[in-house]
Amino acid sequence: MRNGGVRRAVGAAAACGLLMGALAACGGGDARGQGGDGGAASGAPAPRPKAGASEDPTRIPGVGDRLQGRIPGDSRQVVAVYGEGRDSADATLVLYTKHGSAWERTRSWQAHNGKKGWTLDHHEGDNRSPVGVFTLSDAGGVLKDPGAKLPYTESGSFAAPRSWARTHWHDFDYVIAIDYNRVKGTPPNDPTRPQGQTKGGSIWIHMDHGSGTSACVSVSKPAMEYLLRTLDPAEHPVVVMGDKADLQA
């Protein structure tokens, strides 16, 4: 146990069985290193846009009533992913922390999302990230626990297949499960999909390879380490994600 997190280990026998199904959404479509536009998500923070004079500090900026209302009242950490466009793989990831009734911007990074952009109705293999508000409950990866507060599963089962492009081999060194069509409280690579296989799954925040993903959100290694050490189950973290137009709806 580190920093309030729970460390879990997955045995080698289980690892083999979980691998391919769990990685299908996050990386399978990028096996040849194709897809996505824009540059790599570097370790440097993303540029901070100018705040509007009338910005309401009790709301997450750039998020309209539809999604704002889905943020749980007890959540005090929000990861907002602002996609550049419905068909773009470029995004900015911003961590907001609630102090009293006001949301404060904590950190931000350049990011990538699905290589074909975003969708309000995600399905397996569409190469688009789902728009919505999702809880963040579990984490893991190939590398040792960096001090995560979320329950963390260290396992070689997360390793990307070596048949993929070398640029993708470290995508899953660190991952944070986005609670879309999965069972909370299980390792991120658990293949169970309550809504069925056709609705996709295994959608994570993971390490960036310089272009779009098959549905996940990706950021730099320093960003992943910061998020893992900061996101706290006691603060009920969620991710609000989508292209800017759908976020503002």
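For this chain, numbers begin at 1 and follow the sequence in order.
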Flag the pair [X] and [Y] as a salt bridge only when some basic side-chain nitrogen lies within less than 4.0 angstrom of an acidic carboxylate oxygen.
| X | Y | result |
| --- | --- | --- |
| Asp65 | Arg59 | yes |
| Asp190 | Arg182 | no |
| Lys221 | Asp208 | no |
| Glu84 | Lys244 | yes |

Spacing of [X] atom [atom1] and [Y] atom [atom2] [to the nearest 0.5 Å]:
| X | Y | atom1 | atom2 | value |
| --- | --- | --- | --- | --- |
| Leu67 | Ile60 | CG | CD1 | 11.5 Å |
| Tyr174 | Tyr152 | OH | OH | 5.5 Å |
| Leu136 | Glu235 | CG | CD | 13.0 Å |
| Lys116 | Ser88 | NZ | OG | 14.5 Å |
| Asp243 | Ser129 | CG | OG | 10.5 Å |
| Leu150 | Asp138 | CG | CG | 7.5 Å |

Does any donor atom in the side chain of [X] or [Y] lie under 3.5 Å from an acceptor atom in the other side chain?
| X | Y | answer |
| --- | --- | --- |
| Asp173 | His170 | yes |
| Thr97 | Thr106 | yes |
| Thr58 | Asp56 | yes |
| Thr135 | Lys184 | yes |

Check: Are Val81 and Tyr226 connected, step by step, through hydrophobic side chains (Ile, Leu, Val, Met, Phe, Trp, Tyr) whose heavy atoms are closer than 4.5 Å?
Finding: yes
Next item on the list: Report whether Leu143 and Ile176 are members of the same hydrophobic cluster (ILVMFWY, side-chain heavy atoms less than 4.5 Å apart, transitive linking).
Entry: yes
Check: Counting only N and O atoms by type, is there a donor-acceptor contact under 3.5 Å from the side chain of Gln77 to the main-chain atoms of Leu95?
Finding: no
Notebook entry, point to check: Parallel under 30°, tilted from 30 to 60°, perpendicular over 60°: which one fits the rings of His168 and His209?
Noted result: parallel
Notebook entry, point to check: Does the pair Asp171 and His206 meet the rule for a side chain to side chain donor-acceptor pair (under 3.5 Å), with working shown?
Noted result: CA-CA 6 Å; Asp171 281 12; His206 65 70; 4.5 Å; no
